[in-house]
**Q** 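Could you have a look at this structure, given as structure tokens, before my questions?
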Amino acid sequence: MKIANLAQHFLDYFEVVPANTPELKKEVYRLRYDVYCKEFGYESIEEHPNGRETDEYDSYSLHALVRHKASGLGAGCTRIIPADPNGRLNQLPIERLYPGNPEICNPSGQKIPRHSICEASRLCVHGQFRRRHGESSSRLGNINSLHCSPQELRTFPLISVSVSLATTALTELTGRPYMFAMMEPYLPRLLRRIGYEFIQAGDEMDYHGNRAGYYVETGSVLRNFRPEFMDLYCGIRQTLAVLVKTAA
């Protein structure tokens with residue numbers, strides 16, 4: 001099936017919801033725990049005994065959850081952390097990693113108002129939805145237990161795409177067009193296939209593996225989106241508009 005058709009059918013099987021209630025945020029934190037603590041070991045299980053991966057930025061962040069409609073399971077999530085011009089949150093995580101690096105706050109050599117900046121982080125897809133159909137059971141569950149049709153399974157690779165689109169929608173809806181992120185070098189190359197032209201904004205470092213700081217401007221993403229993803233983006237943006245109105 002062509003990508004355009006898969007994107008068209010993705011929202012038949014998944015929903016991208018604003019995580020704007022305590023219950024939905026708990027779903028996000030449990031998903032992150034499964035991925036960041038249990039599966040990849042990026043964060044300590046011992047430091048999150050309640051089975052939820054959280055940090056000091058969550059209360060300031062806007063969260064989105066990708067949920068599998070038939071099972072109700074969380075499939076993916078993302079958040080953006082707004083840079084606070086009033087000093088409530090003095091530094092973004094990426095600024096702490098690159099202290100004194102002017103490119104983090106001033107891409108292209110120009111001063112950018114802090115109310116135009118955000119950081120994307122905690123983008124992930126649950127292991128159940130990354131496993132190939134028919135793969136043996138893993139410690140995070142067996143995808144066969146979801147009882148998905150072949151057509152539904154073909155939409156699973158778009159979960160990661162939808163997480164990226166949701167992140168971009170949040171930057172557009174909040175008027176924070178300069179989005180920073182710490183990423184492994186392969187990821188910007190991968191996202192270029194969708195329309196993201198990330199610019200490296202810091203040296204590579206050992207941070208949960210080899211990573212570097214990058215930024216992208218939302219307007220350039222929207223101009224460069226592959227046409228087959230635009231309807232999916234618009235659908236995600238429409239549902240997330242509720243989150244931004246609630247947070248205003």
Side-chain angles (χ1 to χ4, degrees), residues 1-20 24 27-28 31 61-70 73-82 107 116-126 129-130 151-183 186-199 214-248:
M1 187 181 292
K2 293 182 179 179
I3 291 178
N5 292 332
L6 288 177
Q8 200 172 36
H9 290 290
F10 179 80
L11 294 179
D12 293 338
Y13 305 111
F14 293 90
E15 57 183 349
V16 182
V17 299
N20 56 353
L24 287 171
E27 281 193 53
V28 167
L31 194 160
S61 301
L62 296 176
H63 304 265
L65 174 69
V66 181
R67 191 160 52 185
H68 183 237
K69 290 182 178 180
L73 294 174
C77 64
T78 184
R79 73 177 180 185
I80 65 164
I81 308 169
S116 299
I117 298 172
C118 66
E119 181 170 345
S121 68
R122 296 302 195 265
L123 285 73
C124 62
V125 175
H126 198 287
F129 295 90
R130 281 186 274 105
Q151 179 171 314
E152 187 172 353
L153 286 170
R154 284 195 287 270
T155 67
F156 279 29
L158 290 182
I159 299 171
S160 59
V161 173
S162 71
V163 168
S164 298
L165 299 185
T167 310
T168 301
L170 290 175
T171 70
E172 184 188 5
L173 289 164
T174 56
R176 294 179 178 272
Y178 288 94
M179 179 179 74
F180 290 85
M182 289 295 295
M183 295 188 289
Y186 82 90
L187 191 53
R189 295 194 295 269
L190 189 65
L191 290 171
R192 192 174 296 125
R193 300 176 186 176
I194 305 173
Y196 290 85
E197 294 291 340
F198 279 95
I199 298 171
Y214 294 86
Y215 76 91
V216 69
E217 196 269 321
T218 301
S220 74
V221 176
L222 298 180
R223 289 190 297 272
N224 292 314
F225 260 152
R226 287 175 58 177
E228 55 264 41
F229 294 118
M230 187 52 73
D231 285 346
L232 178 57
Y233 175 77
C234 290
I236 290 172
R237 184 188 185 281
Q238 183 176 3
T239 61
L240 293 181
V242 176
L243 174 61
V244 176
K245 290 177 182 177
T246 303

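From a predicted model like this one, the values you see are computed outputs, not experimental measurements. Side chains are part of it too, since the values below use all heavy atoms of this structure and drop only hydrogens, waters and symmetry mates.
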**Q** Tell me whether Arg67 is salt-bridged to Glu15, with the criterion being a basic N under 4.0 Å from an acidic carboxylate O.
**A** yes

**Q** At their closest point, which heavy atom of Leu11 faces which heavy atom of Gly235, and how far apart are they?
**A** CD1-CA, 4.4 Å

**Q** Tell me, do Arg237 and Cys234 make a side-chain contact under 4.5 Å, heavy atoms counted?
**A** no

**Q** Using the side chain to side chain contact (heavy atoms under 4.5 Å, CB included) definition, which of the options Phe198, Tyr215, Tyr214 pairs with Met179?
**A** Phe198

**Q** Can you give me the closest heavy-atom contact between Gly74 and Glu27, atom names plus distance?
**A** N-OE1, 4.4 Å

**Q** How many angstroms lie between SG in Cys118 and OH in Tyr178, if you round to the nearest 0.5 Å?
**A** 12.0 Å

**Q** Between Glu217 (side chain) and Gly219 (backbone), is there a donor-acceptor pair under 3.5 Å?
**A** yes

**Q** Mind listing the closest non-hydrogen atom pair of Thr174 and Thr171 along with its distance?
**A** OG1-O, 3.4 Å

**Q** Check Ile80 against Pro82 and note the closest heavy-atom contact, atom names and distance.
**A** O-CD, 3.6 Å

**Q** How about Glu197: does its CD atom have over 12 heavy atoms from other parts shown lying under 6.0 Å from it?
**A** yes

**Q** Which pair of non-hydrogen atoms, one from Ser121 and one from Arg79, has the smallest distance, and what is that distance?
**A** OG-NE, 2.7 Å

**Q** Nearest 0.5 angstrom please: Leu62 CG to Asn20 CG, how far?
**A** 9.5 Å

**Q** Kindly say whether the aromatic ring centers of Phe10 and Phe14 come within a distance under 6.0 Å.
**A** yes

**Q** Judged by atom type as modelled, is there a donor-acceptor pair below 3.5 Å linking the side chain of Arg122 to the main-chain atoms of Thr78?
**A** no

**Q** Would you give the length of the straight line joining atom OG1 of Thr168 to atom CG of Leu173, rounded to the nearest 0.5 angstrom?
**A** 10.5 Å

**Q** Any donor and acceptor pair, going by atom type alone, linking the side chain of Tyr196 with main-chain N or O of Ser164 inside 3.5 Å?
**A** yes

**Q** Would you say Arg130's side chain and Val125's backbone share a donor-acceptor pair under 3.5 angstrom?
**A** yes

**Q** Strictly distance-based, threshold 3.5 Å: is any side-chain N or O of Thr218 a donor or acceptor partner for the main-chain N or O of Glu172?
**A** no

**Q** Which heavy-atom pair separates Leu24 from Ala19 by the least distance, and what is that distance?
**A** CB-CA, 3.8 Å

